[in-house]
Amino acid sequence: MTNASVPPGRAVPPKGGEASRATRRWLVVSAVLTLIGLALMVWSVLVPTPLPVMLAMTVGQAIGSAAFAIYLLVVVRSLRRELRGEEPPP
């Protein structure tokens with residue numbers, strides 16, 4: 001889609017697969033942190049002793065929150081770039 005075919009006031013949607021290396025790297029970091037946090041939560045459910053529960057409630061929560069914050073940052077940056085009509089960096 002070119003700028004000529006887009007109505008005024010509408011951003012040009014990015015073409016599929018056009019994310020920068022840094023964006024992809026941050027998304028991978030977010031996904032890995034999410035899986036680690038999820039593993040801690042599952043461990044605390046399967047082995048409900050004090051240590052796994054405490055780790056899931058403290059470390060797992062912190063890891064999951066960090067993963068969500070990273071993901072949210074990537075989404076906000078992508079939306080801002082799209083609204084400005086910029087092309088994503090290579």
Listing, residues 36-46 side-chain donor-acceptor contacts under 3.5 Å, not counting sequence neighbours, or none:
unit_1 : atom_1 : unit_2 : atom_2 : d
Ser44  : OG     : Met41  : O      : 2.7

(request) Say whether Leu55 and Val47 are linked into one hydrophobic cluster, either directly or through other cluster members, by side-chain heavy-atom distances under 4.5 angstrom. (result) yes

(request) Report the distance from atom CG of Leu83 to atom OG of Ser78, rounding to the nearest 0.5 Å. (result) 9.5 Å

(request) Report the residues that fulfil side chain to side chain contact (heavy atoms under 4.5 Å, CB included) with Leu27, sequence neighbours left out, ordered by chain and then residue number. (result) Thr23, Tyr71, Val74

(request) Give a yes or no answer on whether the side chain of Ser30 reaches the backbone of Trp26 with a donor-acceptor pair at less than 3.5 Å. (result) no

(message) Return the CZ to CG distance between Phe68 and Leu33, rounded to the nearest 0.5 Å.
(response) 14.0 Å

(request) Determine whether Val29 and Val32 fall in the same hydrophobic cluster, where Ile, Leu, Val, Met, Phe, Trp and Tyr are linked whenever their side-chain heavy atoms lie under 4.5 Å apart. (result) yes

(message) Are Ile63 and Val28 connected into the same hydrophobic cluster when the rule is that any two of I, L, V, M, F, W, Y join if their side-chain heavy atoms are below 4.5 Å apart?
(response) yes

(message) Taking transitive links into account, so neighbours of neighbours count too, which hydrophobic residues share a cluster with Met57 at under 4.5 Å side-chain distance?
(response) Val53

